[in-house]
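As the structure is a computational prediction, the values presented were derived from the model and not from experiment.
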Amino acid sequence: MNDGNRQEGQEGQGDQGGQEGATAGSKRKDVRRNQRTLLDAAAAVFVTSGVEAPVRDIAAKAGVGVGTVYRHFPTRADLVIAVYRHQVDACAEAGPALLAAGPTPHAALERWADLFVDFLVTKHGLAGAMQADNAGFETLHAYFLDRLLPVCAELLDAAAAAGEIRSDLTAYQLMRGIGNLCIGAEADARYDARRLVALLVAGLRQGR
């Protein structure tokens, strides 16, 4: 009888522990989802208004209060860094997805280059926001290369294997070229970096 009671108590504790674990897991998912919403909103605002955009604009875009933004990201540098990493991750994850979706590897490369331009525009001003933290900036740059170079290489290799583009261009060369075409674009309304990047990617095609 006592053994039965102990077993029932242990089972009850197990059920309770499982429920508490599920609740904690659900809360963590909610926090991550809320952070993604904030980061997506911040990225969109940064594209149009730069990294010095008012926090209230980011909060309004995300549909939350200003206090919520500061609760997740106490300083502007925290927010800019988080947006940078978020955009790097989005670019990295997009490459394989675009290849899988088709219709051709070159089309996937073109679309990925568009996303990469968006990322480069978003990160303008990062150095200014982190001017007192050179080590932090170097860490982010290393993260950028580690995550994106393999993805760009995969896209180039797939397009080359399909006979769509020349095979003597490295991922670093292409990414550096796209980056150079984006420099200063935000300061000149007559300059369309996206169009120039599209011409660059189109120029990789093999003559048929």
Which atom pairs, donor and acceptor, lie under 3.5 Å between side-chain atoms of residues 56-68 and protein residues at least two apart or in another chain?
from: Thr68; atom 1: OG1; to: Arg71; atom 2: NH2; distance (Å): 3.3

Kindly list each side-chain donor-acceptor pair under 3.5 angstrom involving residues 141-156, sequence neighbours excluded, with atom names and distances?
from: Tyr143; atom 1: OH; to: Asp89; atom 2: OD1; distance (Å): 2.4
from: Tyr143; atom 1: OH; to: Asp89; atom 2: OD2; distance (Å): 3.3
from: Arg147; atom 1: NE; to: Asp89; atom 2: OD1; distance (Å): 3.3
from: Arg147; atom 1: NH2; to: Asp89; atom 2: OD1; distance (Å): 3.4

Under 3.5 Å, which donor-acceptor pairs do the side chains of residues 97-111 form with other protein atoms, sequence neighbours left out?
from: Thr104; atom 1: OG1; to: Ala107; atom 2: N; distance (Å): 3.0
from: Thr104; atom 1: OG1; to: Glu164; atom 2: OE2; distance (Å): 3.3
from: His106; atom 1: ND1; to: Arg205; atom 2: NH2; distance (Å): 3.1
from: His106; atom 1: NE2; to: Val201; atom 2: O; distance (Å): 3.2

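In terms of modelled atom types and a separation under 3.5 Å, the side chain of Arg76 and the main chain of Val51 share a donor-acceptor contact. Under a 3.5 Å cut-off, the side chain of Trp112 and the backbone N or O of Cys91 do form a donor-acceptor pair.
With Asp40 as the partner, the side chain to side chain donor-acceptor pair (under 3.5 Å) test is satisfied by one option alone out of Gln35, His86, Gln87: His86.
Expressed to the nearest 0.5 Å, how far CG of Asp192 lies from CG of Leu181 amounts to 11.0 Å. Note that CG of Leu120 is 10.0 Å distant from CG of Asn180, once rounded to the nearest 0.5 Å. Put simply, CD1 on Ile178 and CG on Leu196 are 11.5 Å apart, with the number rounded to the nearest 0.5 Å.
Heavy atoms of other residues, nucleotides or ligands lying less than 6.0 angstrom from OH of Tyr172 number 12 at most.
We find that Asp168 and Arg166 are joined by a salt bridge, their nearest charged nitrogen and carboxylate oxygen being less than 4.0 Å apart.
Residues satisfying the side chain to side chain contact (heavy atoms under 4.5 Å, CB included) criterion with Asn34, sequence neighbours excluded, are His72. For the side chain to side chain contact (heavy atoms under 4.5 Å, CB included) test, residues two or more places apart in sequence or in another chain that qualify with Asp78 are Phe73, Pro74, Thr75. Under the rule for a side-chain hydrogen bond (donor to acceptor under 3.5 Å, both in side chains), the partners of Thr170 that lie at least two apart in sequence or sit in another chain are Gln173.
Using a 4.5 Å heavy-atom threshold, the side chains of Leu39 and Leu79 count as touching.
Taking both residues in full, the closest heavy atoms of Ser49 and Ala53 are given as CB-CB, 3.7 Å, listed atom of the first, atom of the second, then distance.
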